[in-house]
Amino acid sequence: MAKKKVETAATIGVRHEEVIEVIGAREHNLKNIDITIPKNKLVVFTGVSGSGKSSLAFDTIFNEGQRRYMESFSAYARQFIGDMERPDVDKITGLSPVISIEQKTTNKNPRSTVGTVTEVYDFLRLLYARIGEAYSYNTGKKMVKFSEEEIVENIFQKFKGKKITLLAPLVRGRKGHYRELFEDIRKKGFVKVRVDGEVKDITARMQVDRYKIHDIEVVIDRLKVEQEFKVRISQSVQQTLKMGKDLMFLLVNEDDNVVQYSKQLMCLDTGISYEEPSPNAFSFNSPYGACPTCKGLGSVFTIDMNEVLPDQSKTVREGGIVPLGEERDASVFQQVVAFAKKYKIRLDVPIRDLPKEQLDLLLFGDKNINASLEVDTDDETVPHEYTGSYEGIIPMLKRWFSSSYSTEVLREWVQKYMILKNCPTCNGARLKKESLWFKIDEKNISELSEMNLDKLMIWFNGIEKRLSNKQNTIAKDVLKEIRERLQFLLDVGLTYLSVNRPSRTLSGGESQRIRLATQIGSQLQGITYILDEPSIGLHQRDNHRLITALQNLRDIGNSVLVVEHDKDIMMASDYLVDIGPKAGKHGGEIVAAGTPKEVMQSNSETSQYLSGKKSIAVPKERRKGNGKTLELKGAKGNNLKDVSVKFPLAKFIVVTGVSGSGKSTLINETLYPLLAKHAYNSRYAVMEYKSVKGLEHLDKVIEIDQSPIGRTPRSNPATYCGFFTEIRTLYASVPEAKIRGYNAGRFSFNVKSGRCEVCEGSGMRVIEMNFLPDVYVHCEKCNGKRYNRETLEIRYKGKSISDVLNMTVDEACEFFQPVHYLYRKIKVLQDVGLGYITLGQSAVTLSGGEAQRVKLATELAKKDTGKTFYILDEPTTGLHFQDIQHLLDVLNKLVDRGNTVLVIEHNLDVIKVADHIIDLGPEGGDGGGRILFEGTPEEMINNKESHTARFLKLELK
């Protein structure tokens with residue numbers, strides 16, 4: 001079969017230099033396959049989840065390309081980089097440099113934003129530093145910058161005929177005696193200084209009070225503003241600015257009227273001046289630009305009084321002030337008791353009945369009260385008398401949270417009583433106030449950063465007309481760079497994002513498309529790009545934009561390899577590779593390869609769905625539900641526009657809409673935290689809303705998101721789903737194990753007593769090769785079985801614990817069928833279509849679709865109550881058409897048992913089988929945030945405003 005595929009590739013008329021040839025690929029489940037892939041084409045790898053697509057594209061082609069690049073470094077350099085493992089393949093020829101654009105976990109750093117990742121913000125900073133116009137934060141008037149000649153002209157214009165004194169400021173608002181400074185001034189020949197507003201003669205050994213704050217200026221010259229003194233005034237101004245470091249004061253007629261001049265930016269009315277702007281002044285990651293209160297994060301932790309005083313019917317002694325707790329012998333509580341006794345504050349009345357002044361004293365303390373507090377205690381470790389001020393509960397919590405001496409555990413405890421709020425100083429803008437008063441066309445850099453990218457592009461497209469000729473000359477190249485980067489982001493469908501959107505809030509698909517836009521912008525040629533499902537999170541309407549972006553990347557001279565399940569992208573490809581026929585050990589072969597038309601003529605699973613021979617059936621009738629609803633009113637988080645929505649219970653609900661329309665805000669950030677608070681009393685932050693009704697109809701909520709199930713090779717489906725503990729308990733109950741005194745811990749590969757100590761329970765040994773990549777070999781002691789000989793001697797129905805870990809889910813279902821409590825949990829893995837994976841398969845080798853279904857199986861194995869609300873965020877990620885059918889079968893079983901399943905989804909195969917659709921839009925970002933439709937799919941296709949309805953209509957024909 002493999003040879004046939006090589007011939008198929010050859011038939012498209014390519015020479016040997018124009019193909020990537022892979023011979024003998026055996027990584028993971030690949031069956032020694034050979035394949036020839038045309039270069040400079042858009043090539044799509046598809047197939048059922050777990051068939052080996054990622055193993056071929058990433059683990060074989062990308063890893064080999066990366067390894068070859070690393071080996072081009074010197075041996076000395078490689079020891080600092082780390083080594084790359086050689087993929088299990090005989091030969092790869094024709095490989096050009098490779099760049100992988102995967103759905104890696106996005107940067108969790110709160111300082112990372114869309115603007116910093118794409119470099120758009122870096123160019124914005126440069127733009128504002130070079131052509132931004134400064135305004136006074138006091139008056140709002142435009143700041144001016146004087147040259148020495150302009151200062152002299154201004155003096156003659158304003159003060160002609162008046163006596164003036166020229167002062168050079170040396171000290172501004174600082175403590176000290178300044179004896180050396182006065183002596184230095186005297187030696188330079190100056191005779192007078194102005195100290196704290198009073199002009200004095202400089203005397204020998206002159207000094208001021210070192211503990212007071214002082215302003216000191218040296219008197220440079222005193223004269224009348226007349227034409228005959230113009231040269232002298234000009235020279236004196238020059239000297240004054242030099243000594244005052246570009247700042248000078250003018251004292252008119254020796255009264256208190258002081259005029260300030262600066263070669264820097266200055267406000268004529270108030271005298272405040274700004275430093276010359278640099279790009280760093282607009283960076284929230286630099287101390288020169290960051291807001292001093294929040295240090296550039298835009299938000300600060302503040303005490304949440306609702307958490308400190310949750311139940312005001314309780315007394316202080318009963319624990320009404322939660323951080324303080326109930327009355328006990330702790331020193332803090334004893335101090336509070338003593339303080340309350342001295343100031344006649346009753347601790348045995350409900351908190352709500354305490355006078356506000358007394359409650360404030362307890363909570364916030366009073367630094368003016370210097371008291372000796374007699375403490376009534378027999379504990380010798382507690383001092384019997386406290387002297388000094390009473391700190392108060394709230395200041396104490398703040399001190400513990402911010403102190404560098406506090407332990408991590410203490411900080412986490414204090415954080416329970418805090419809430420993250422917008423910084424009160426910068427109001428979330430992240431920058432210091434001076435930076436926010438530099439404007440271009442009446443907008444500061446923060447206002448531009450908050451715009452959606454499509455609106456920002458419109459603003460930039462007409463900016464030249466609103467700038468001066470000088471500004472246009474300076475900004476020409478910067479504007480070109482900004483526009484190019486914005487256009488690439490718009491081309492991949494990210495119109496609804498903003499420059500200041502934190503990277504950690506992006507989905508896997510969004511962050512992947514941002515990296516794709518960055519690569520298109522780099523304009524590299526001759527590269528092999530490998531992408532992992534770039535269509536994730538993208539509405540059908542925006543698919544053509546992504547396809548165009550991929551084709552542009554191909555057209556400038558690159559090979560684009562895409563692992564994808566989306567029908568539109570498959571049909572737009574130049575070459576389609578279908579891997580299968582099934583998943584796991586039943587996959588790993590090339591089932592069909594060629595143009596999309598050629599693949600559709602084969603009999604593979606994919607071709608049948610592409611050609612329409614197979615499809616996911618629409619149910620004959622929609623469920624009626626149980627008549628109960630959950631109603632959310634007035635949701636206003638992010639871009640939601642006062643949304644009110646009803647969720648009918650005991651139905652299969654799909655929430656859809658274009659990317660950025662507000663789906664995640666409504667469900668993940670408003671509805672789920674609400675339900676979790678009701679069901680488990682959790683402390684998730686809830687986005688703004690007015691009211692919610694119908695919570696009494698639910699007693700459990702389960703969210704299944706897209707995060708991975710484990711990052712270490714030791715994590716596997718058996719440990720993640722939790723039934724490995726029961727398997728170990730089962731083995732510990734075998735008579736032979738009881739005789740030997742083995743407990744369940746003996747059968748864990750993470751515990752010393754039972755595991756193989758040579759490989760420490762991993763089954764593999766790492767052989768360090770210094771300048772070459774590490775080599776992994778089966779442990780010679782246990783031969784990859786993970787356990788020592790004594791543990792492996794314990795057998796259940798003839799199988800050791802290691803044999804069980806090597807069983808597939810299908811085999812384990814048959815083996816454990818008599819053990820009902822175990823069978824039920826393993827059977828769920830089989831039900832979600834994972835019968836081919838082994839129980840002990842390393843979590844890092846699971847594909848994205850497999851990992852998500854393991855999480856789903858874990859939740860499904862738990863007993864539902866019939867009042868459970870399931871929330872799934874794009875569960876079709878990484879799933880083939882066939883796998884989507886498996887998923888829908890499982891979800892429908894849950895709904896049939898009386899539960900409610902809510903899915904956020906773009907996939908039309910899922911949307912068309914829903915009982916109830918909630919569609920948001922009509923656009924993303926500011927153009928979205930409204931409910932366009934609520935009802936059945938049949939009713940929805942008549943909606944003229946919805947983009948989803950347009951595509952759904954084609955599916956329901």
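Values reported hereafter were calculated over all heavy atoms of this structure, with side chains retained and with hydrogens, waters and symmetry mates removed. Keep in mind that this is a model prediction, so the values were computed, not measured.
Residue-environment remark: CD (Glu442) stays at or below the threshold of 12 foreign heavy atoms within 6.0 Å. In this structure, Lys912 places its NZ atom where more than 12 heavy-atom neighbours from other residues, nucleotides or ligands lie under 6.0 Å away. Atom OH of Tyr288 has 12 or fewer heavy atoms from other residues, nucleotides or ligands within 6.0 Å.
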Stepwise side-chain contact (heavy atoms from CB on, under 4.5 Å) test for Met305 and Ile394
CA-CA 9 Å; Met305 296 308 293; Ile394 303 301; 4.0 Å; yes
Apply side-chain contact (heavy atoms from CB on, under 4.5 Å) to residues Leu546 and Asp566 and explain how you reach the verdict.
CA-CA 12 Å; Leu546 175 64; Asp566 183 80; over 6 Å; no
Yes or no on side-chain contact (heavy atoms from CB on, under 4.5 Å) for Ile918 and Ile931, after CA distance, side-chain angles and deciding distance?
CA-CA 7 Å; Ile918 297 166; Ile931 300 290; 3.8 Å; yes
Set out, in order, the CA-CA distance, both residues' side-chain angles and the distance that settles side-chain contact (heavy atoms from CB on, under 4.5 Å) for Gln358 and Leu362, then state yes or no.
CA-CA 6 Å; Gln358 292 190 353; Leu362 279 176; over 6 Å; no
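Between Thr948 and Met940 the shortest heavy-atom distance is CB-CE, 3.5 Å. The minimum heavy-atom distance between Thr900 and Ala650, with the atom names listed, is OG1-N, 2.8 Å. For the residue pair Val300 and Pro424, the shortest heavy atom distance occurs at CG2-CD, 3.8 Å. Between Tyr496 and Gly924, the shortest heavy-atom contact is CB-C, 3.6 Å. The shortest heavy-atom contact between Pro310 and Gly320 is CD-O, 4.2 Å. Across every non-hydrogen atom of Ser283 and Leu431, the tightest pair is C-CD2, 3.8 Å.
Although no hydrogens or angles enter the test, the distance criterion places a donor-acceptor pair under 3.5 Å between the side chain of Ser644 and the main chain of Gly634. With hydrogens and angles disregarded, no donor-acceptor distance shorter than 3.5 Å links the side chain of Glu874 to the backbone of Ile536. Judged by distance alone, the side chain of Asn899 and the main-chain N or O of Leu894 form a donor-acceptor pair under 3.5 Å. Although no hydrogens or angles enter the test, the distance criterion places no donor-acceptor pair under 3.5 Å between the side chain of Thr116 and the main chain of Ser112. Glu412 places no side-chain N or O within 3.5 Å of a backbone atom of Val409 that could act as its donor or acceptor partner. For the pair Glu934 (side chain) and Lys646 (backbone), a donor-acceptor distance under 3.5 Å is present. Remark: side-chain polar atoms of Arg430 are not paired, donor with acceptor, to backbone N or O of Phe284 under 3.5 angstrom. Remark: side-chain polar atoms of Thr868 are not paired, donor with acceptor, to backbone N or O of Lys700 under 3.5 angstrom. Within the 3.5 Å criterion, the main-chain N or O of Ser446 finds a donor-acceptor partner in the side chain of Asn444. In this structure a side-chain-to-backbone donor-acceptor pair under 3.5 Å is missing from Ser535 to Leu538.
Looking only at atom types and distance, the side chain of Ser498 has a donor-acceptor partner in the side chain of Asn500 under 3.5 Å away. Judged purely by distance below 3.5 Å, without hydrogens or angles, the side chains of Asp919 and Asn943 never pair a donor atom with an acceptor atom.
Screening residues 650-666 for side chain to side chain donor-acceptor pair (under 3.5 Å) gives Asn638-Thr665 as the qualifying pairs, with residues at least two apart or on separate chains. The ring-ring contact (aromatic ring centres under 6.0 Å, His included) pairs that include a residue from residues 642-680 are Tyr672-Tyr684, where partners are two or more places apart or lie in different chains.
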Sequence neighbours left out, cut at 3.5 Å: what donor-acceptor pairs do the side chains of residues 117-124 make with other protein atoms?
residue: Thr118; atom: OG1; partner: Val114; partner atom: O; Å: 2.7
residue: Glu119; atom: OE1; partner: Arg485; partner atom: NH2; Å: 3.2
residue: Tyr121; atom: OH; partner: Phe282; partner atom: O; Å: 2.7
residue: Asp122; atom: OD1; partner: Arg125; partner atom: NH2; Å: 3.2

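You'll find the side chain of Asn668 reaches within 4.5 Å of the side chain of Ile871, heavy atoms only. Put simply, the side chain of Thr876 does not reach to within 4.5 Å of the side chain of Asp909, judged on heavy atoms. Taking 4.5 Å as the limit, some side-chain heavy atom of Leu872 sits within range of a side-chain heavy atom of Leu891. Residues Ile440 and Ile463 have side chains in contact (heavy-atom distance under 4.5 Å, counting atoms from C-beta outward). Contact annotation: the side chain of Ile667 never approaches that of Asp873 to less than 4.5 Å [non-hydrogen atoms, C-beta and beyond]. At least one side-chain heavy atom of Ile303 sits less than 4.5 Å from a side-chain heavy atom of Met418. Side-chain contact between Leu632 and Leu630: absent, with no pair of heavy atoms (C-beta onward) separated by less than 4.5 Å. Looking only at side-chain heavy atoms (C-beta outward), Leu359 and Leu309 come within less than 4.5 Å of each other.
Partners of Lys641 by side chain to side chain contact (heavy atoms under 4.5 Å, CB included), not counting sequence neighbours, listed by chain and number: Arg930. Listed by chain and residue number, nothing satisfies the ring pair (Phe, Tyr, Trp, His ring centres under 6.0 Å) test with Trp400 (two or more places apart in sequence, or in another chain). Judged as a salt bridge (Lys or Arg N to Asp or Glu O under 4.0 Å), and not counting sequence neighbours, Glu905 has no contacts. Taking the side chain to side chain contact (heavy atoms under 4.5 Å, CB included) definition, one finds that Thr936 meets it with Arg622, Glu938, Glu939, sequence neighbours left out. Remark: Asn427 engages no residue in a side chain to side chain donor-acceptor pair (under 3.5 Å) (not counting sequence neighbours). Residues forming a salt bridge (Lys or Arg N to Asp or Glu O under 4.0 Å) with Asp304 (at least two apart in sequence, or on another chain): none. Listed by chain and residue number, nothing satisfies the salt bridge (Lys or Arg N to Asp or Glu O under 4.0 Å) test with Lys295 (two or more places apart in sequence, or in another chain). For Arg399, the salt bridge (Lys or Arg N to Asp or Glu O under 4.0 Å) partners at least two apart in sequence or on another chain are Glu391. The side chain to side chain contact (heavy atoms under 4.5 Å, CB included) search around Asn942 returns none, not counting sequence neighbours.
Distance check: Cys294 SG to Lys421 NZ gives 15.5 Å after rounding to the nearest 0.5 Å. The line from CG of Leu675 to CG of Leu671 is 4.5 Å long, rounded to the nearest 0.5 Å. The distance from atom CG of Leu666 to atom CD1 of Ile904, rounded to the nearest 0.5 Å, is 8.0 Å. In this structure, OG1 in Thr505 is found 7.5 Å from CD in Glu510, a value given to the nearest 0.5 Å. How far CG of Asp542 is from CG of Asp491: 11.5 Å, rounded to the nearest 0.5 Å. Atom OG of residue Ser136 and atom CD of residue Glu434 lie 10.0 Å apart, to the nearest 0.5 angstrom.
Under 4.0 Å is where a charged nitrogen must lie from a carboxylate oxygen, and between Asp915 and Arg623 at least one such pair does. Under 4.0 Å is where a charged nitrogen must lie from a carboxylate oxygen, and between Glu923 and Arg541 at least one such pair does.
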